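Model, not experiment: these values are computed from the prediction. Proteins get letters first, then strands, A, B, ... in listed order; numbering begins at 1 in each.
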2 protein chains.
Amino acid sequence: MVRKTADKPEETPEQAGPLDRHLRDYAGYNIKRASNIMQSNAAKALDPYGLRITTFSALCVIVDNPDVTQSQLAAALNMERSNTVLIIDSLEEINLIGRFRVPTDRRSYALRATLAGIKRRDAAARALAKAEEERLVNLSPEERAQLADLLRRIDPLD
Amino acid sequence: MVRKTADKPEETPEQAGPLDRHLRDYAGYNIKRASNIMQSNAAKALDPYGLRITTFSALCVIVDNPDVTQSQLAAALNMERSNTVLIIDSLEEINLIGRFRVPTDRRSYALRATLAGIKRRDAAARALAKAEEERLVNLSPEERAQLADLLRRIDPLD
DNA sequence: ACTATTAGTTATGTTCTATAGCTATATTCG
DNA sequence: CGAATATAGCTATAGAACATAACTAATAGT
């Protein structure tokens with residue numbers, strides 16, 4: 001491809017500052033950057049336990065809510081029902097949870113964690129808490145609570 | 001596949017509350033949920049301008065920093081150099097930016113927005129600001145500033 | 001000059017997310 | 001009751017963001 005040449009390096013940018021200074025005015029930009037960091041951090045922490053972020057999240061909900069259905073799980077995690085299927089499949093394949101038929105509604109499954117699932121969740125949860133801790137050293141407990149509060153006012157949650 | 005049946009619906013969960021109550025203790029979980037909302041919101045706002053979030057972000061940086069290189073752009077947006085290539089390609093294809101050879105370093109390109117690129121950025125930026133505004137109605141200006149501050153202490157940025 | 005580094009590129013793979021359509025079962029309501 | 005409608009789970013597929021490895025060309029270091 002033919003490329004033109006920048007004959008003169010032009011004037012230096014009017015106002016100095018970081019290259020992304022304009023973008024930093026967007027809450028979404030700041031949230032996304034922080035999210036990326038927390039996500040890759042979490043993924044690394046969970047990897048030794050054979051869990052991804054989505055499978056860990058699902059496992060967590062199932063451990064804490066025995067007999068939850070896939071639809072309830074999808075709603076709780078704000079994801080599409082179709083996307084829960086493979087997540088549940090992979091948790092079931094490694095015997096961390098089981099699908100059980102519900103006599104009163106044969107369309108749905110009651111999801112239950114196995115003993116191994118509970119143990120795996122507990123261990124992974126501790127590792128994740130520790131990994132987050134390292135990332136949040138700059139925030140006091142009050143600030144962390146405030147961050148959670150501000151974020152929940154963006155995401156109505158319930 | 002053979003499925004067992006849940007003979008007894010078991011006891012109701014010990015402590016009540018949302019199904020994801022355990023997960024809400026993780027900053028990463030709260031950030032991710034808020035991030036998903038802001039991202040899909042931003043994507044919808046930018047779509048009419050033919051921009052995705054990543055192309056808009058890149059365009060923004062290029063408009064504000066004429067003659068920035070792809071490596072600088074990648075560093076500013078915290079992304080891999082390899083992933084900037086297709087983003088820059090697509091911005092160039094629709095004539096919003098141009099790649100210009102740098103006489104002093106023939107390895108790199110100086111990226112510059114075209115007039116159309118500047119106009120497109122400005123229009124998209126306004127639409128995005130408006131869309132974010134609607135999502136952040138529950139946060140006062142002070143709270144938005146505080147959120148940005150807290151997030152930047154997670155992401156060291158510079 | 002020889003080596004190491006940098007800029008851009010290509011190819012590839014994973015993960016997350018979203019949509020449409022399907023089957024089986026439940027529910028609603030005329 | 002029976003027909004229409006809704007729900008639960010599943011399949012297939014696609015887009016987008018993100019990451020890694022390996023390559024070429026050009027530059028910088030020694």
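- Summarising the geometry, the separation between NZ on Lys44(B) and P on dA18(C) is reported as 8 Å, rounded to the nearest angstrom.
- Between the CG atom of Asp89(A) and the C1' atom of dG9(D) there is a distance of 10 Å, given to the nearest Å.
- Taking only side-chain atoms of Ser108(B), from C-beta outward, the nucleotide of dT25(C), dA7(C), dT9(C) with the closest atom is dA7(C).
- Leu91(A) contributes atom CG, which lies 9.5 Å from atom CD of Glu93(A) (distance to the nearest 0.5 angstrom).
- Side-chain nitrogen and oxygen atoms of Gln70(B) include at least one within less than 4.0 Å of the OP1 or OP2 phosphate oxygen of dT9(C).
- Grouping the Ile, Leu, Val, Met, Phe, Trp and Tyr side chains by contacts below 4.5 angstrom, directly or via other members, places Leu59(A) apart from Val85(A).
- The distance from atom OG1 of Thr69(B) to atom CG of Asp105(B), rounded to the nearest 0.5 Å, is 9.0 Å.
- Rounded to whole Å, the distance from CZ on Arg106(A) to P on dT27(C) is 13 Å.
- Residue Ile97(A) is not grouped with residue Leu86(A) when hydrophobic side chains (ILVMFWY) are merged at heavy-atom distances under 4.5 angstrom, including chains of intermediate members.
- Contact annotation: the side chain of Met38(A) never approaches that of Lys32(B) to less than 4.5 Å [non-hydrogen atoms, C-beta and beyond].
- Remark: Asp25(A) does not engage Arg144(B) in a salt bridge, criterion side-chain N to carboxylate O under 4.0 Å.
- Nearest to the side chain of Arg107(B), among dG9(D), dA7(C), dT7(D), sits dA7(C).
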- request: List the protein contact pattern of nucleotides 13-24 of chain D with one symbol per nucleotide (5' to 3'): B for base contact, S for sugar-phosphate-only contact, - for none; contact means a heavy-atom distance under 4.0 Å.
  value: ---SSBBBB---

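- With respect to the salt-bridge test (charged N to carboxylate O, under 4.0 angstrom), the residues Arg153(A) and Asp149(A) qualify.
- Contact annotation: Arg99(A) side-chain N/O to dC10(D) OP1/OP2 distance is under 4.0 Å.
- Taking atom CG of residue Asn41(A) and atom P of nucleotide dT15(C), one finds them 18 Å apart after rounding to whole Å.
- Among the protein residues, Thr69(A) comes within range of the sugar-phosphate backbone only, with heavy atoms under 4.0 Å from sugar or phosphate atoms but none that close to a base.
- Close to dA7(C), at under 4.0 Å from its OP1 or OP2, lies a side-chain N or O of Ser71(B).
- When rounded to the nearest whole Å, the span between CD1 of Ile88(A) and P of dG9(D) equals 9 Å.
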